[in-house]
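Heads up, the thing below is written out as structure tokens.
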Amino acid sequence: MPDQWYAVHEVATGRLVSVGTVVADAETLAADGLAAVAIAEPPSETVQWDAQRLALVPRAPAPPPDPLEVKLDQAAAAYKEALRAQVATDATAVK
């Protein structure tokens, strides 16, 4: 039987403090202002903690890159490469 996973959170804020398969008893947690909730599986890169729901929820997909930023990044990379080539040419000419 697989281990049960728990998320330990602050009672006042819902902020996630820790996750694991072994947690202190409820009285000990409560004395520190904490509580534990059972979660289906260990956290992964595809989920995030929702402090309001006190649960792991699917992480929103990353937004696609802005086409203008992509073009600017490409232009900057091309400029840097041209500058490196010019510096190398100038350094060879000085020798």
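Because the structure is predicted, anything quoted here is derived from the model rather than measured.
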Who pairs with Ala26 by side-chain contact (heavy atoms from CB on, under 4.5 Å), at least two apart in sequence or on another chain?
none
Restricting to pairs with a member in residues 10-31, which pass salt bridge (Lys or Arg N to Asp or Glu O under 4.0 Å), not counting sequence neighbours?
Glu10-Arg15
Please write out which residues are connected to Leu68 in a hydrophobic cluster, directly or through intermediates, given that two of Ile, Leu, Val, Met, Phe, Trp, Tyr count as joined at side-chain heavy-atom separations below 4.5 angstrom.
Leu72
I'd like to check the side-chain contact (heavy atoms from CB on, under 4.5 Å) partners of Val11; sequence neighbours left out, ordered by chain and number.
Ala35
Counterpart residues, side-chain contact (heavy atoms from CB on, under 4.5 Å), relative to Leu54 (two or more places apart)
His9, Trp49
Going by chain and number, the hydrophobic cluster around Val57 (ILVMFWY, side chain to side chain under 4.5 Å) further includes none
In the single-linkage hydrophobic clustering (I, L, V, M, F, W, Y; side-chain heavy atoms under 4.5 Å), do Val19 and Val8 co-cluster?
no
List in chain and number order the residues that pass side-chain hydrogen bond (donor to acceptor under 3.5 Å, both in side chains) with Asp32, two or more places apart in sequence or in another chain; answer none if no residue qualifies.
none
List, one per line, each side-chain donor-acceptor pair under 3.5 Å for residues 73-81, sequence neighbours excluded.
from  : atom 1 : to    : atom 2 : distance (Å)
Glu81 : OE1    : Arg84 : NH1    : 3.4

Without placing hydrogens or testing angles, list every side-chain donor-acceptor pair under 3.5 Å for residues 38-45, not counting sequence neighbours.
from  : atom 1 : to    : atom 2 : distance (Å)
Ser44 : OG     : Thr46 : N      : 3.3
Ser44 : OG     : Thr46 : OG1    : 2.9

For Arg59, the salt bridge (charged side-chain N to carboxylate O under 4.0 Å, His left out) test, sequence neighbours excluded, returns none
Give a yes or no on whether the backbone of Ala85 and the side-chain of Thr89 come within a donor-acceptor separation of less than 3.5 Å.
yes
With Thr21 via side-chain contact (heavy atoms from CB on, under 4.5 Å) - residues at least two apart:
Asp3, Trp5
Are Tyr6 and Leu34 linked, directly or through intermediate hydrophobic residues, by side-chain heavy-atom contacts shorter than 4.5 Å (ILVMFWY only)?
yes
Hydrophobic clusters here meaning ILVMFWY residues chained together by side-chain heavy-atom distances under 4.5 Å, can you tell me if Leu16 and Val37 are in one?
yes
